[in-house]
Q: 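Structure provided below as structure tokens; questions to follow.
In what follows, chains are A, B, ... by sequence order, proteins preceding strands, each numbered from 1. From a predicted model like this one, the values you see are computed outputs, not experimental measurements.
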Amino acid sequence: MYLYNLTLQQATGIVSAINGNFSGGKVQEIVVARGKILSLLRPDDLGKLQTLHSVEIFGCIRSLAQFRLTGAQKDYIVVGSDSGRIVILEYNKEKNVFDKVHQETFGKSGCRRIVPGQYLAIDPKGRAVMIGACEKQKLVYLISHTIVYSICGVDCGFDNPIFASIELDYSEADQDSTGQAANEAQKHLTFYELDLGLNHVSRKWSEQVDNGANMLVTVPGGGDGPSGVLVCAENFVIYKNQGHPDVRAVIPRRADLPAERGVLIVSAASHKQKSMFFFLLQTEYGDIFKVTLEHGNEGVTELKIKYFDTIPVTASMCVLKTGFLFAASEFGNHALYQFQAIGDDPDVESLSSTLMETEEGFQPVFFQPRGLKNLEETPQIFSLCGRGPRSSLRILRPSLAISEMAVSQLPGVPSAVWTVKKNVSDAFDAYIVVSFSNATLVLSIGETVEEVSDSGFLDTTPSLAVSLIGDDSLMQVHPNGIRHIREDGRINEWRTPGKRKIVKVGSNGLQVVIALSGGELIYFEVDMTGQLMEVEKHEMSGDVACLDIAPVPEGRQRSRFLAVGSYDNTIRILSLDPDDCMQILSVQSVSSPPESLLFLEVKASVGGEDGADHPANLFLNAGLQNGVLFRTVVDMVTGQLSDSRSRFLGLRAPKLFSVKVRGRPAILCLSSRPWLGYIHQGHFLLTPLSYETLEFAASFSSDQCAEGVVAVAGDILRVFTIERLGETFNETAIPLRYTPRRFVMQPKRKLLVIIESDQGSYTAEEREAARKECFEAAGMGENGNGNVNEMENGGDDEDKEDPLSDEQYGYPKAESNKWVSCIRILDPRTATTTCLLELQDSEAAFSVCTVNFHDKEYGALLAVGTAKGLQFWPKNSLVAGFIHIYRFLEDGRSLQLLHKTQVEGVPLALCQFQGRLLAGIGSVLRLYDLGKKRLLRKCENKLFPNTIVSIHTYRDRIYVGDIQEYRRDENQLYTFADDVVPRWLTASYHIDFDTMAGADKFGNVYFVRLPQDVSDEIEEDPTGGKIKWEQGRLNGAPNKVEEIVQFHIGDVVTCLQKASLIPGGGECVLYGTVMGSLGALLPFTSRDDVDFFSHLEMHMRQEHPPLCGRDHMAYRSAYFPVKDVIDGDLCEQFPTLPLDLQRKIADELDRTPGEIMKKLEEIRNKII
Amino acid sequence: MKFILNIFFLLIRGRVVWVLYIYFSPYRTFTRNSSLISGLKSFEKKMQASDRFNINSQLEHLQAKYVGTGHADLNRFEWAVNIQRDSYASYIGHYPMLAYFAVAENESIGRERYNFMQKMLLPCGLPPEREDD
């Protein structure tokens, strides 16, 4: 089996973010690393972030830094990755790519403890970079056995660059068995100086520092400040510099924080202006503090910490010069905040001068979090299924989101709709014209949309086409003729000869072609005076099915091409040039009669907003009656057709309409679903819209919506806009209360049962009580109006008005053995919760399944595995485990507890097996039957080496995954076959009778299969493999499974699922990851495709090595050699290559670049 | 499984000695070069005192340069400590893994990173008592 790996939705979680002027000039931009993706974002004036460029680097980005050469206008990016190389990138504005400026190899690849890449520090003047590892560093001669916590550059003006690092030497602790050395182990702050003259690094200064130190922040130096560093430690911020006494201040604590917990700074941002500078430090609970330094000639006199605001915990923060704060959240949506104030009020919580030393240590300072005062939220940009209070369930549909602007009922069932401007130069449309079977309705667009009768359109007949013709006159084509309405109100009518009727019309701004019944074509042109003149007649062999004229190229008087589709399954291209008018230029035969034709012109662009260069192109699109969209390239000179592609869209013949998307022409195809074809980042994408079936559509532009669509379906007129272009999925988010763990589908009603649990939190009642207390204490606080009743609802997720929403502030922390958990039933269609059970007494739900027991007394029951008082650290311990059995009531909308059975471990996996319940409890696999008061043990197997995390069953086989190993069981729970490799399984999925797919926590996906002979043997063996099992082999089961597929995703896969995303598409395995990406593995169906793509992948590896210097093959084989998986993400970078390189690769493959792109598109279309 | 077959040749007292060594890339990232070192150690027996001194100093240099490199006299505790430190470094290096742990323990990623760093000091508890040298 060969698989094709394709990422459907890129990861959205952010590892690290930096800001600067990467494209040069004054624009502030942000570069974010999303694990293996590097993206450049730019906030626009409205406070929305736009992704300018995004590239997969096939490596793991660990750190980012930006620097600017002295006197330059542009920032460069330094990337620390797992490639063992340091890479300096520059953003190339013209081509919209990252260019590699420099690449230097210094060590082995992979995330290793002694190979630098984990930390990056930049000299503030851009002269040197220090790159560090978890142990020992680059640029510094060897320091033995030291753990490095953080490094940063020290701003010392234009003296020799100095770097600071927090280090911990453990060499003595390793030798001393009494533990004394370990207790005395002391963190040091060490300064390293790079002597620019000698090109040599020396250890300049080292001093003891607080043992909780974890982060360093550069303090501006030279002319701007006192130089030195801020050391962030647990509970403290300390200013340190060489030859300067420490200035220490305590970090304020939340009043409700348990005493055992410290406060740790997790991210920092600094802002520097001409006259002042400040730092924003965020704690692990999300509170941001503003830190300022009072300094004079004698150095820093005071360190001030002031509570600034609370936002969700971030991985990185960036203060933009334009007054925005970009917060890259650890989990959940990232956000851009606008500064309202910079917290200049004098009420500072913590000062270094007021620090009190008491007998127990330093006196803590407390504060209460409050609503946002200094920051203002702007629209959200990205999303990731979160955790804790920011959790949500997201329903993804592979389609584009639309937003409906207006829906209105019409008096009859319309057959068509058009919009028309009054003048070419108008920005907005003037009329919506709706045609019925015997009348035409004209609506004028203004403040409101209303019917008008003075437009000059004939309203007693149906219309075939309405458009603007010439500069300022309107044309209405009806079955009996053409009505030409001049700007001054004069009306010219052209009537069809005899009793023939017009059946089809094609027009652009200057040319009109009509087809009469019987197959006669008549061609009109607008002359100099704005008059519509008949130019030519042409008799076709049969009736015309559809026709279209290409848009007039810029600077020309007319377009040269007319496309005519006939019922004899052909499309002809006719010339409209005066010298060879109505000559057939080319013929294309298609599989079924064409229903609709549309020319789409793509203008030449170089490095536009969306990326690569595009030569000008003209595409002819045809919707065929069998539901296929057929697309070919029209040669702009000769009219020859080439490079045809087709795609099945739906059961109805697609009708094609031209619309505008971001100022560019796009096509809207209405089949049984609406689809949009548009160009995004150099690719032509055809994506379904999440909307109902439409009959007819036209582009719509008015004051309120610049790029909308007006469409008719049934007797309803709809106006909508298309949003979030470039995304594959349209998502609907439903907020949840705690971190979701698992869900199952209730089979009959299609309701979802979700279990949620969180460690170290208070229950809803406790939270509410604490909240009340807090508000009472605060009384009429600065932000509250004292309305306690309103606050009481605060615990509810639904209450959006709550000024202290949990989404923003997080749940208060409790002791680590406290858990909160709930079971929720949710109706995904209406996105409503029908039942919510909160578990009591620190019980947390970990597994869930529905089960039908033999006796069928209750029908389907819900089994939930829970644990009470579970603790991971210092030792894995728990009070008790339980399996709850619930009964569905009210059509599955609510639950009733039947009974609870105590078990000795955590039931992490539950599954139904032949009318009984299989449970993985710790390392025991046990079969239960339903009793009156509790579950009854029937059978068990205690031979698993580790905790069981997944169970699947199929017929009489059981597939068990344990936390380290994967095994498979048979019949009376005899281990029958297992895998030879130990795995830390995070997700598994049963593919077929003999095959399992699995994913481990290192980011690998693999498939294992039972050899055919073994599989046959076991089916015939009457003992079910019992005898063989007693023998065993290699400390395990007697049979071993074979690994058939192996691939490194580079991200922890949390779920696997088999699905087919489009009608007629292939079935593929979908995976979701911790960082929020979704991908698919599609099995190849033909050997030819395998050959082609493996060769393409090979050439891509050679010609287009990954940006950050990691070898692609090595990356995909990071833990195991990649086996039988072709990386579609790499192949899909083919269109971004320079044209000559594309041609070179194509030559090697004996194809043209166009054919390769067609292949790539085809395989993508099979998935989505 | 990935095997890398390497052929080294060493010049020992003028004779060319070929060493075939199979480099076994284990599942975890923390690759051990102990097979190389044990291979070298076996050579030691056949060598003169001066060579031995030379090889030893080379080994020491290797071990000092590459923290975590094993040697023939490595005891169980030292081995485990290296494995644990390598694991923690790998967790810190792979952000998705940190996120995975953070979700499980309901902590922030920054706190998880700090905890792992702190655990690198004594990952396996106190070292065992030394029986005399």
Q: Take atom CD of Gln186(A) as the centre, draw a 6.0 Å sphere, and report whether it contains more than 12 heavy atoms from other residues, nucleotides or ligands.
A: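 For Gln186(A), atom CD is crowded (more than 12 foreign heavy atoms under 6.0 Å).
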Q: Given the ring of Tyr95(B), does Arg34(A) sit roughly above its face, with NZ or CZ under 6.0 Å from the centre of the six-membered ring and within 45° of the axis?
A: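 Negative - Arg34(A) is either too far from the ring of Tyr95(B) or too far off its axis.
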Q: In the structure I gave you, are the side-chain heavy atoms of Gln118(B) and Glu234(A) within less than 4.5 Å of one another anywhere?
A: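 A side-chain contact is absent here, since even the closest heavy-atom pair is not under 4.5 Å.
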Q: In terms of heavy-atom proximity below 4.5 Å to chain B, should Val1053(A) be classed as side chain, backbone, both, or neither?
A: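 Neither part.
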Q: Working to the nearest 0.5 angstrom, can you tell me the gap between Ser108(B) OG and Tyr285(A) OH?
A: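 Taking OG in Ser108(B) and OH in Tyr285(A), the distance rounds to 8.0 Å.
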Q: Would you mind checking which part of Ala844(A) comes under 4.5 Å of any heavy atom in chain B, side chain (CB onward), backbone (N, CA, C, O), both or neither?
A: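 Neither part, no heavy atoms under 4.5 Å.
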Q: Quick one: are Phe101(B) and Lys1001(A) in side-chain contact, heavy atoms under 4.5 Å?
A: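 Phe101(B) reaches Lys1001(A) side chain to side chain.
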Q: CZ/Phe1002(A) to CE/Met97(B) distance, rounded to the nearest 0.5 angstrom?
A: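 Here the rounded value is 5.0 Å.
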Q: Closest heavy-atom contact between Leu264(A) and Gly110(B)?
A: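 That would be CD2-O, 4.0 Å.
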Q: Quick check on Asp82(A) against chain B: is it the side chain, the backbone, both or neither that has a heavy atom closer than 4.5 Å?
A: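 No part of it gets close to chain B.
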Q: What I'd like to find out is whether the side chain of Leu121(B) reaches to under 4.5 Å of the side chain of Leu168(A), using heavy atoms alone.
A: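 SC-SC contact between Leu121(B) and Leu168(A) confirmed.
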Q: Can you tell me how far the OG atom of Ser329(A) sits from the CD1 atom of Ile109(B), to the nearest 0.5 Å?
A: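 CD1 of Ile109(B) is found 10.0 Å from OG of Ser329(A).
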Q: With a 4.5 angstrom heavy-atom cut-off, which part of Phe116(B) approaches chain A: side chain, backbone, both or neither?
A: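 Neither part; nothing is under 4.5 Å.
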Q: Nearest heavy-atom pair of Ala173(A) and Leu122(B): which atoms, and what distance?
A: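 Nearest heavy atoms, Ala173(A) then Leu122(B): O-CD2, 4.0 Å.
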Q: Does any part of the side chain of Glu112(B), heavy atoms only, come nearer than 4.5 Å to the side chain of Glu330(A), both counted from C-beta?
A: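 With C-beta onward as the side chain, the pair stays apart.
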Q: Flag the pair Met117(B) / Asn214(A) as yes when at least one side-chain heavy-atom distance between them is below 4.5 Å, and no otherwise.
A: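 They are not in side-chain contact.
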Q: Between Pro96(B) and Gly1050(A), which heavy-atom pair has the shortest distance, and what is it?
A: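 Of all heavy-atom pairs spanning Pro96(B) and Gly1050(A), the closest is CG-O, 4.1 Å.
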Q: Taking the side chain as every heavy atom from C-beta outward, state whether Tyr114(B) and Met215(A) have any pair of such atoms under 4.5 Å apart.
A: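 No, side chains not in contact.
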Q: Heavy atoms, side chains only, cut-off 4.5 Å: are Tyr100(B) and Met1075(A) in contact?
A: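 Answer no - side chains too far apart.
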Q: If you count heavy-atom pairs under 4.5 Å with chain B, which of Cys60(A), Gly212(A), Ser267(A) comes out on top?
A: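 Maximum pair count with chain B is reached by Gly212(A).
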Q: Hey, is the main chain of Glu284(A) close enough, under 3.5 Å, to the side chain of Glu107(B) for a donor-acceptor pair?
A: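 Such a contact is absent between Glu107(B) side chain and Glu284(A) backbone.
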Q: Let me know if Thr178(A) has heavy atoms under 4.5 Å from chain B in its side chain, its backbone, both or neither.
A: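 The answer is the backbone of Thr178(A).
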